[in-house]
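Okay, so here's the structure we're looking at.
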Amino acid sequence: MSVLEEIIHSDPILILTGAGISKESGLSTFRDPDGIWAKYRIEDVATPEAFQTNPKRVLDFYNVRRSQMNNPLIKPNKAHTALAELEAFWPGGVLLVSQNIDDLHERGGSKKIIHMHGELSKSRCNNCDEITYFQDNLSPESKCDHCGFIGSIRPNVVWFGEMPLHMELILSELGLCRLFLSIGTSGNVYPAAGFVQEARQNGAFTVELNLEKSEVGSYFHESHYGPATDLVPEFVGKLRDLL
Ligand code: BJW
């Protein structure tokens with residue numbers, strides 16, 4: 001891998017992950033033929049308007065996904081754990097920016113992680129903005145423990161038309177990283193899909209690890225195609241060899 005010639009151990013690394021990294025753990029992606037958007041319409045379940053029009057449908061969609069995530073059979077895979085190992089041994093620092101709302105990176109051992117599209121294990125009150133760790137099902141009758149409002153509790157996730165979380169910090173880190181690694185994301189959804197160009201313009205070496213070439217695949221210096229559980233441990237192994 002030519003990354004060996006470009007990167008030294010003191011370089012900061014920023015890693016963007018998408019649904020593809022959790023696929024081999026048993027969670028669905030969105031845009032693959034068997035993905036979530038083949039079964040649900042985005043406008044029915046992943047917009048603020050959908051929540052306003054039919055909150056039960058939206059909450060049920062996330063209740064099902066929360067129970068899938070919490071199924072004991074769903075575990076972090078070798079790609080998740082390899083990234084946690086990288087974070088532990090890489091001297092230059094590793095920031096993980098995940099579009100995923102599951103908790104498999106944390107359960108795999110990663111510590112420094114930003115969930116830019118939110119987290120399924122948390123709810124947010126539309127009335128008072130209180131964010132709460134929440135593992136039960138939500139319903140339109142759910143009451144906010146903080147302000148007492150009924151019907152305002154939603155999953156703490158980012159829907160289309162909403163601002164992804166921690167963008168200021170992410171943009172600043174994209175300016176600092178020397179290696180940008182994109183794993184298991186189709187490059188369809190912005191602003192995440194634009195991160196490769198942002199990082200590259202700022203001088204980072206950019207690498208895509210994905211099952212197939214993504215929508216923004218031509219912007220990467222280097223690409224490797226295959227399942228994340230093969231590619232990620234292999235790539236992390238190459239970085240370890242640099243030390
Ligand atoms: C494997 C694998 C294996 C499979 N191993 N790989 C026109 C132009 C540009 C932008 C816009 C536009 N019109 C509207 C917009 C903005 C809009 C947008 O991007 N729309 C596009 C559809 C065009 N974006 C927004 O609205 C965002 N907000 C925003 O832009 O605010 C303004 C702003 C601007 C600038 C700066 C800051 C703010 C919000 C986006 C919210 C996305 N929300 C969702 C759902 C909520 C969370 C949830 O329910 O989970 O987030 S949509 C869904 O897509 C989810 C994902 O995080 C996201 C990305 O999907 P991902 O992860 O890439 O999954 P897939 O399925 O697409 O791809 C999986 C990949 O894995 C594939 O490539 C497979 O090949 C691969 N794979 N198995 C390795 N084993």
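All values derive from a computational prediction rather than experimental measurement. Remember, it's 1-based here, ligands and their atoms both numbered in the order they're listed.
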Leu120 side chain near Gln68 side chain, heavy-atom distance below 4.5 Å:
no
Mind checking whether Ile21 and Leu27 sit in one hydrophobic cluster, side chains of I, L, V, M, F, W, Y counted as touching below 4.5 Å?
no
Please work out whether any backbone atom (N, CA, C, O) or any side-chain heavy atom from C-beta onward of Ile101 is under 4.0 Å from ligand 1, and answer side chain, backbone, both or neither.
side chain
Taking non-hydrogen atoms only, is Glu24 closer than 4.0 angstrom to ligand 1 via side chain, backbone, both or neither?
side chain
Protein contact of atom 73 (O) of ligand 1 - nearest heavy atom, named by residue and atom, plus distance:
Asn210 ND2, 2.9 Å
Which residue and non-hydrogen atom of the protein lie closest to atom 29 (C) of ligand 1, and at what distance in Å?
Glu162 O, 3.5 Å
Heavy atom of protein inside 4.0 Å of atom 8 (C) of ligand 1, strictly below
no
Rounded to the nearest 0.5 Å, how far does CG of Leu59 lie from OG of Ser139?
7.0 Å
Roughly how far, to the nearest 0.5 Å, is the CD1 atom of Ile15 from the CG atom of Leu95?
8.5 Å
Within-cut-off N or O pair, Trp37 and ligand 1, under 3.5 Å
no
For ligand 1, which atoms, with element, lie under 4.0 Å from some heavy atom of Trp159?
39 (C), 41 (C)
Would you compute the distance between atom CZ of Arg31 and atom CD of Glu215 and round it to the nearest 0.5 angstrom?
9.5 Å
Closest protein heavy atom (residue, atom, distance) for atom 2 (C) of ligand 1
Gly20 O, 3.5 Å
Those atoms of ligand 1 less than 4.0 Å from some heavy atom in Ala228:
3 (C), 5 (N), 79 (C)
Could you tell me the residue and atom name of the protein heavy atom closest to atom 25 (C) of ligand 1, and the distance to it rounded to 0.1 Å?
Tyr190 O, 3.6 Å
Atom 37 (C) of ligand 1 touched by protein (heavy atom, under 4.0 Å):
yes
Kindly assign one of parallel, tilted or perpendicular to the pair Phe235 and His224, based on the angle between their ring planes and the thresholds 30° and 60°.
tilted
Note: ligand 1 atoms sitting under 4.0 Å from heavy atoms of Asn188 are 21 (C), 22 (C), 23 (C)
Decide yes or no for Ile101 and Tyr62: does some side-chain heavy atom of the first lie under 4.5 Å from some side-chain heavy atom of the second?
yes
Tyr219 atom OH: more than 12 heavy-atom contacts under 6.0 Å:
no
Ligand-side contact atoms (ligand 1) for residue partner Gly226, heavy atom cut-off under 4.0 Å
5 (N), 79 (C)
Which residue supplies the protein heavy atom nearest to atom 51 (O) of ligand 1, what is that atom called, and how far is it?
His117 ND1, 3.3 Å
Give the intermediate values and the outcome of side-chain hydrogen bond (donor to acceptor under 3.5 Å, both in side chains) for residues His166 and Glu173.
CA-CA 11 Å; His166 311 294; Glu173 295 287 334; over 6 Å; no
Determine if the distance from atom 21 (C) of ligand 1 to the closest protein heavy atom is below 4.0 Å.
yes
Can an N or O of Met163 be found at a distance shorter than 3.5 Å from an N or O of ligand 1?
no
Single hit among Asn77, Asp32, Asp34 for side-chain hydrogen bond (donor to acceptor under 3.5 Å, both in side chains) with Lys23:
Asp34
Taking the inter-plane angle between the rings of Phe220 and Phe180 on a 0 to 90° scale, is it parallel (under 30°), tilted (30 to 60°) or perpendicular (over 60°)?
parallel
Provide the number and element of each atom of ligand 1 under 4.0 Å from a heavy atom of Gln99.
57 (O), 59 (C)
Check whether Ile183 and Leu179 end up in the same hydrophobic cluster, where Ile, Leu, Val, Met, Phe, Trp and Tyr are linked by side-chain heavy atoms less than 4.5 Å apart.
yes
Identity of the nearest option to atom 61 (P) of ligand 1, non-hydrogen atoms only, from Thr229, Thr185, Leu231:
Thr185
State plainly whether one hydrophobic cluster holds both Tyr190 and Leu174, where clusters connect Ile, Leu, Val, Met, Phe, Trp and Tyr through side-chain heavy atoms under 4.5 angstrom apart.
yes
Quick one: does atom 40 (C) of ligand 1 have a protein heavy atom under 4.0 Å from it?
yes
For Gly184, the ligand 1 atoms with a heavy-atom partner under 4.0 Å come out as 6 (N), 69 (C), 70 (C), 71 (O)
Carboxylate-amine/guanidinium contact Lys238 Glu222, below 4.0 Å
no
How far apart are the closest heavy atoms of Ile74 and Ser25, and which atoms are they?
CD1-O, 3.3 Å
Atom 60 (O) of ligand 1 - nearest protein heavy atom and its distance
Arg31 NH1, 3.1 Å
N or O pair under 3.5 Å between Phe160 and ligand 1:
no
Before signing off on this row, confirm whether Ala19 and ligand 1 have an N or O atom pair separated by under 3.5 Å.
yes
Between CZ of Phe195 and CD of Gln99, what distance do you get to the nearest 0.5 Å?
7.5 Å
Is atom 11 (C) of ligand 1 less than 4.0 angstrom from at least one protein heavy atom?
no
Should Pro164 be listed as contacting ligand 1, given a heavy-atom distance under 4.0 Å as the test?
yes
Classify the ring geometry of Phe61 against Trp37: parallel below 30°, tilted from 30° to 60°, perpendicular beyond 60°.
parallel
Short N or O distance, Ala46 and ligand 1, threshold 3.5 Å exclusive:
no
Contact atoms of ligand 1, heavy-atom distance to Gly161 under 4.0 Å
25 (C), 26 (O)
If you compare Tyr62, Tyr225, Phe30 by their heavy atoms, the one closest to atom 53 (C) of ligand 1 turns out to be Phe30
Which ligand 1 atoms, with their elements, are less than 4.0 angstrom from a heavy-atom of Asp32?
4 (C), 74 (C), 75 (O)
Distance-only N or O hit between ligand 1 and Lys23, under 3.5 Å
no
of all protein heavy atoms, closest to atom 35 (C) of ligand 1 is Pro191 CB, 4.1 Å
Pro227 heavy atom under 4.0 Å from ligand 1
yes
Please report whether ligand 1 has a polar contact with Asn100, defined as an N or O pair separated by less than 3.5 Å (distance criterion only).
no
Quick test: of every protein heavy atom, which one is nearest to atom 43 (N) of ligand 1, and how far off is it to 0.1 Å?
Val158 O, 3.0 Å
Please evaluate residues His115 and Ser98 with respect to the criterion side-chain hydrogen bond (donor to acceptor under 3.5 Å, both in side chains), reporting the C-alpha separation (whole Å), side-chain torsions for both, the decisive distance (0.1 Å), and the verdict.
CA-CA 5 Å; His115 285 277; Ser98 187; 4.7 Å; no
Look at the side chain of Glu130 and the backbone N and O of Asp145, then say whether any donor-acceptor pair between them is shorter than 3.5 Å.
no
